[in-house]
J.: 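Here's a structure for you.
This chain uses plain numbering: 1 for the first residue, then up along the sequence. Atoms within a ligand are numbered from 1 in the order they appear, just like the ligands themselves. All values reported here derive from a predicted model rather than from experimental measurement.
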Amino acid sequence: MAENYDQLGFKCGIEIHQQLATETKLFCNCPIDLVDESADAKVERRLRAVKGESGERDLAAKKEQQKSRKYIYKYYKRNNCLVELDEEPPHSLDREALETALTFTRMVNADIPREIQVMRKMVVDGSNTSGFQRTAMIGLNGELETENGKVGIEDIELEEESAGIHKRDSEKAVYDLNRLGIPLIEVGTDASIKNPDHAQEVAEKIGMLLRSTGKARRGLGTIRQDVNVSIEKGARVEIKGFQDVKNIDRLIELEVERQKNLVELGEELEEKEVLGDNVTHIFEETDNQIVSTVLENNGAVYALKIPGMTGKMKQEISGERYVAKELVDYARSQGPRGIIHTDEDITRYGLENEFEELEEVFNKTEDDVIAIIAAEEEKAKKAAEEVKNRAEMLLRGEVPEETRNAEQDFTTSYSRPLPGAARMYPETDVPPIEVTDDEISYIDSNLPDTLEEREEKYSEDIGEQLASQIVYSEKLSLFEDFNSVADSRVVANTLANTVPKLESEGLETDKLEEEHFKELFTAYSSEHISKGDIEELLKAMSQQPREDPQQLIEELVDSKSSDEEIRETVLEVLENNEDMVQEQGRRAQGALMGDVMRQIDADGDKVSEILGEELEKQLN
Ligand SMILES: [Zn+2]
């Protein structure tokens, strides 16, 4: 059934984060081309929430600190220096990143502030060694044309990428520092997106414009979407770090479904208090392995009575997600692995006696659900408080404003409260940058063609299909570098078809660099090698990426038979097959071709050309 998003009071805005493929990071000279290697060192830190300028401590910061986690940073010599460790002040803002970001800003007609001020944005999850992320607002009030009307681009920021999360548990979080500091453009739309399909169109369009700058990084995790979504009776939810733009519509559909079902569930339920208590004494003699292990380690068991929830905990709320997960997520956010409750099969846990006692203690009626949380004392207590509050909201049909994570099946799970506003202050280590009228008009007169425009332009030369293939591939910039060096159709075909083919055969084509293609296409355009040699050469180059490409070209050329050798062999074959030639004429070419190729190592196109010539001569 198609949802009427207008009627639901659907509101949605997206934030796109695109990494840039600049030479260096945003505030230091470390290269951004990350390679797969192991860390050179580990650094350990603990973060503390400090009061912001308003004097209030951020709620999200407090929650994070309650968890008192240890942070471990993996340091990579190749991609890190003291700046990423926060032991040296940031250098000035990278020009290449700034120019790219400003170019994008003008592509969506946004206004550029005359003074660009780098700010510190507080981060509380340890994803930055300094406890904040540096960010500069570089554009305001832009707009994007879509098939569903204009969507406002509220703001555009240039900022530093956070450290990549490697591992997280209740005690510690491990981050990779190599990603930290890569330039990132953040593009935020207003909330005028009309429905999930529209969100997808907007995300794809912005992605394409970013790529049109020619400086967008490609590959897994280099572009991420945050989705803000709510319905009228629901609440603003921010889904963080979604990477699969093709399924953003599904993600939003499911979140709307969740909010709608939560509201409906609340209408069926009665608003009541959820009671909770420490019930450790009831479990002292328990046979349940998990609970007894917890108690042996000075743990505790907390129980809650949630009125009216019998039969409701296993209702599906979005996709195949149960209502109970809404509560489990809140328990987990404090460390415990989950909850055990009476709306599931208690006999599975061998806890019938204990639950019988709990029912008496809490005066449980048939409709009430009793849930327990077993964990280390403090964690169990906090988890019980969280679940109590969340359950009371459930009874009221209230949707919490919160940050959520996308799951594999495009449903979402609770991650943390929405970050508060007390988060920004100026970065005094980086001087502000003036942007003059002249600079803006220079940018305006040098805006790149959009990908759609380029597709149309290249279609004339290489045909629509190949043009669309190459324009939306990662090889676009290589194509644009070399389409004037050699025949553009051959260049496009090599990049869009031959390279992926070799990759699918298991060759490490990602080791091929610009230099390889430069030598390859130059050799081809000067007729030093033929079209048929291209695949073989690319193979050799990706197998020996460190070898001088010219050397590899010479080796290939040397190994091939020369034109004279080919001609000699061709003449020999023609002589031996005189009868066949007489009988079949030009139709003999196929069979003769095979004969020649068995005798020499040569490029097929070349052999075919010479054989054709000689055959022609014999027939005349
Ligand atoms: Zn660095």
Side-chain angles (χ1 to χ4, degrees), residues 17-47 70-102 116-138 157-167 172-186 210 213-224 241 424-433 510 513-514:
H17 304 253
Q18 168 74 63
Q19 291 179 359
L20 297 184
T22 46
E23 286 289 313
T24 63
K25 290 189 177 175
L26 195 55
F27 293 107
C28 67
N29 292 326
C30 292
I32 67 147
D33 56 324
L34 313 182
V35 292
D36 208 7
E37 57 184 16
S38 49
D40 298 297
K42 274 185 193 171
V43 181
E44 226 179 271
R45 300 269 163 89
R46 270 177 203 278
L47 294 186
K70 185 163 75 184
Y71 297 103
I72 296 167
Y73 298 99
K74 295 172 109 185
Y75 178 89
Y76 299 79
K77 266 189 225 157
R78 189 179 179 280
N79 297 104
N80 292 138
C81 65
L82 292 176
V83 174
E84 286 95 333
L85 284 175
D86 193 36
E87 281 170 10
E88 183 186 312
H91 306 182
S92 56
L93 197 68
D94 181 65
R95 289 309 298 194
E96 191 188 8
L98 181 61
E99 276 160 27
T100 306
L102 293 180
I116 292 172
Q117 168 73 61
V118 178
M119 304 291 283
R120 294 175 168 188
K121 181 157 70 178
M122 203 172 143
V123 291
V124 295
D125 61 358
S127 64
N128 202 315
T129 45
S130 57
F132 53 80
Q133 176 189 33
R134 296 181 188 96
T135 176
M137 205 272 292
I138 55 152
E157 273 89 27
L158 177 60
E159 52 189 38
E160 55 181 354
E161 177 66 287
S162 58
I165 184 79
H166 187 71
K167 203 162 55 184
K172 62 179 188 301
V174 183
Y175 287 97
D176 275 327
L177 279 186
N178 51 4
R179 202 182 79 171
L180 181 63
I182 290 179
L184 196 69
I185 300 185
E186 183 184 304
L210 285 162
T213 63
K215 295 279 178 204
R217 238 181 135 224
R218 300 293 300 262
L220 205 68
T222 55
I223 184 164
R224 306 188 297 272
M424 298 262 259
Y425 45 108
E427 168 57 90
T428 46
D429 286 335
V430 181
I433 295 159
D510 55 335
E513 298 194 12
E514 207 168 320

J.: Would you find more than 12 non-hydrogen atoms of other residues, nucleotides or ligands less than 6.0 Å from Glu23 atom CD?
T.: no
J.: If you measure from the Lys or Arg side-chain nitrogens to the Asp or Glu carboxylate oxygens, is any gap between Lys25 and Glu160 under 4.0 Å?
T.: no
J.: For Arg224, enumerate each residue passing the salt bridge (charged side-chain N to carboxylate O under 4.0 Å, His left out) test, keeping only those at least two apart in sequence or located in another chain.
T.: Glu161
J.: What pairs with Phe27 under ring pair (Phe, Tyr, Trp, His ring centres under 6.0 Å), at least two apart in sequence or on another chain?
T.: none
J.: Tell me, which protein N/O/S atoms are under 2.8 Å away from the Zn ion (ligand 1)?
T.: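 Near the Zn ion (ligand 1), the protein supplies Cys28 SG, Cys30 SG, Cys81 SG, Glu84 OE1, Glu84 OE2.
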J.: Parallel, tilted or perpendicular for Tyr73 and Tyr175, by the 30°/60° rule?
T.: parallel
J.: Excluding sequence neighbours, so at least two apart, what forms salt bridge (charged side-chain N to carboxylate O under 4.0 Å, His left out) with Arg95?
T.: Glu439
